[in-house]
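Just the heavy atoms: all of them, side chains too, but no hydrogens, waters or symmetry mates, feed the values below.
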Number of protein chains: 2
Amino acid sequence: MKRPVTSRAEQRQRTETRILTAARRLFAENGYDRTTIRAIAATAGSDPGLVMRYFGSKEKLFAQAATIRADGPITGSPEQLAELLATALGEKLADEPAAALAALRSMFTHPEAGLEVRTAMSGQQQQVASLMPGEDAVLRAGLIGALTVGVVIGRHLLQLDGLRDASPEEITALLQPLISDLVQGRS
Amino acid sequence: MKRPVTSRAEQRQRTETRILTAARRLFAENGYDRTTIRAIAATAGSDPGLVMRYFGSKEKLFAQAATIRADGPITGSPEQLAELLATALGEKLADEPAAALAALRSMFTHPEAGLEVRTAMSGQQQQVASLMPGEDAVLRAGLIGALTVGVVIGRHLLQLDGLRDASPEEITALLQPLISDLVQGRS
DNA sequence: GTCTATAAAGTGATAGAC
DNA sequence: GTCTATCACTTTATAGAC
């Protein structure tokens with residue numbers, strides 16, 4: 001008897017990733033509540049029962065699908081910091097990170113998603129603030145965070161007029177000096 | 001027979017506003033999908049049947065509850081414009097406009113709410129851009145809009161670290177020069 | 001192991017009793 | 001006019017047939 005090119009375990013993991021990819025896309029497009037297990041299974045070419053069997057619950061599936069990958073560690077002088085933050089923003093604008101978008105779209109209506117986003121941002125902000133001078137460093141770091149989410153959701157989720165079509169470079173070129181001002185504490 | 005101090009029509013309109021207020025609060029707190037007619041009725045001390053009778057459908061109730069009041073007309077020189085935008089932002093930070101927050105919280109998961117926010121912002125942005133110099137005025141106006149929503153949701157909805165506690169004046173003081181840069185096109 | 005059938009719960013909306 | 005009772009539907013989750 002010839003071994004199949006794809007073993008049982010391989011096949012299983014393959015459909016598992018297919019389900020996860022489908023879930024990510026649908027969660028990013030429609031949010032947690034409006035995405036049904038049925039729709040995910042259909043998109044993945046699979047079955048609702050299997051989705052439950054593999055991931056346990058809709059909640060657990062979402063947790064895996066909407067995990068935000070943290071940016072690399074942040075260090076350097078204030079001048080370097082501004083440039084670092086601007087390029088990190090540029091990356092978030094260039095590609096469409098489905099997992100992060102899934103979390104972002106659901107953050108206002110699904111408590112778990114809100115927590116995910118808040119903790120991810122909180123960690124980042126503390127790091128950033130510790131590298132910044134001034135009494136109000138935490139506030140200024142928060143404003144950088146707010147600016148970042150504002151631009152990301154303005155482009156990917158709300159599709160605001162000017163933001164949708166502009167190139168990432170164009171946007172970061174405009175924003176880097178502003179971020180630099182916030183980092184240095186000039187006002 | 002003595003006339004009651006509150007007539008039939010008065011009484012009716014009174015409960016109608018009570019329902020509307022409750023709806024605004026719950027929509028702002030939990031979003032469209034997770035807010036039920038039943039919960040609105042209970043909060044308003046009324047009845048689900050009456051809510052339907054008065055407003056026709058959940059959709060129509062939401063439309064009335066989540067209407068964004070546009071800012072006053074925007075005019076003036078670029079210098080004035082930056083100040084105007086900063087103070088308008090300050091107002092949005094000082095009080096908690098329940099109707100706008102209801103629309104904002106649901107904008108990613110409820111298409112109607114998304115449209116409401118998008119059209120409100122689009123109108124504002126076009127006005128602002130028309131008063132700004134430079135080729136990329138539309139993009140820069142969009143960035144001002146993104147910054148504004150970012151800060152508003154960062155404070156009221158996400159409750160980001162530095163933003164939650166800072167005073168509106170502190171925030172606008174930091175942001176006005178940045179807005180001014182975007183308006184003038186310095187970068 | 002994969003999928004069908006169904007259970008259990010909750011929703012918006014409606015009809016009709018008081 | 002106000003509210004109770006219920007309909008029709010959809011959801012996640014489960015149990016069991018193949």
Output the rounded distance in Å from [atom1] ([X]) to [atom2] ([N]).
X	N	atom1	atom2	value
A:I40	C:dC3	CD1	P	16 Å
A:E16	C:dT2	CD	C1'	15 Å
A:E59	D:dT11	CD	P	17 Å
B:I37	C:dA13	CD1	P	6 Å
A:Q13	C:dT2	CD	P	13 Å
B:F55	C:dA13	CZ	P	14 Å
A:D33	D:dT10	CG	P	17 Å
B:I19	D:dG1	CD1	P	17 Å

TODO: With DNA chain D as reference, determine whether B:R12 or A:Y32 sits nearer its 5' end, using the nearest nucleotide of each.
DONE: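 Residue closer to the 5' terminus by nearest nucleotide: B:R12.
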Out of [options], which has the shortest distance to the side chain of [X]?
X	options	answer
B:K58	C:dA13, D:dA13, C:dC3	C:dA13
B:R38	C:dC3, C:dA13, D:dT4	C:dA13
A:M52	C:dG12, D:dA13, C:dC3	D:dA13
B:T36	C:dG12, D:dC3, D:dA13	C:dG12
A:R53	C:dT4, D:dC3, C:dT2	C:dT2
B:L50	D:dT2, C:dC3, C:dG12	D:dT2

Open item on the list: Tell me whether B:D71 is salt-bridged to B:K92, with the criterion being a basic N under 4.0 Å from an acidic carboxylate O.
Closed with: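 So B:D71 pairs with B:K92 through a salt bridge.
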Do side-chain atoms of [X] reach the backbone of [Y] as a donor and acceptor pair under 3.5 angstrom?
X	Y	value
A:T172	A:E169	yes
B:T35	B:L26	yes
B:Q127	B:P73	no

TODO: State, to 0.1 Å, how close A:Q64 and A:L20 come at their nearest heavy-atom pair, and which atoms those are.
DONE: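 Reported closest heavy-atom pair: CB-CD1, 4.1 Å.
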Open item on the list: Does C:dT2 have its OP1 or OP2 closer than 4.0 Å to a side-chain nitrogen or oxygen of A:Y54?
Closed with: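 For A:Y54, the contact criterion (side-chain N or O under 4.0 Å from OP1 or OP2 of C:dT2) is met.
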- [ ] Classify the nucleic acid contact of A:T35 as base, sugar-phosphate or nothing, counting any heavy atom under 4.0 Å across all strands shown.
- [x]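 Here A:T35 touches the backbone only, sparing every base.
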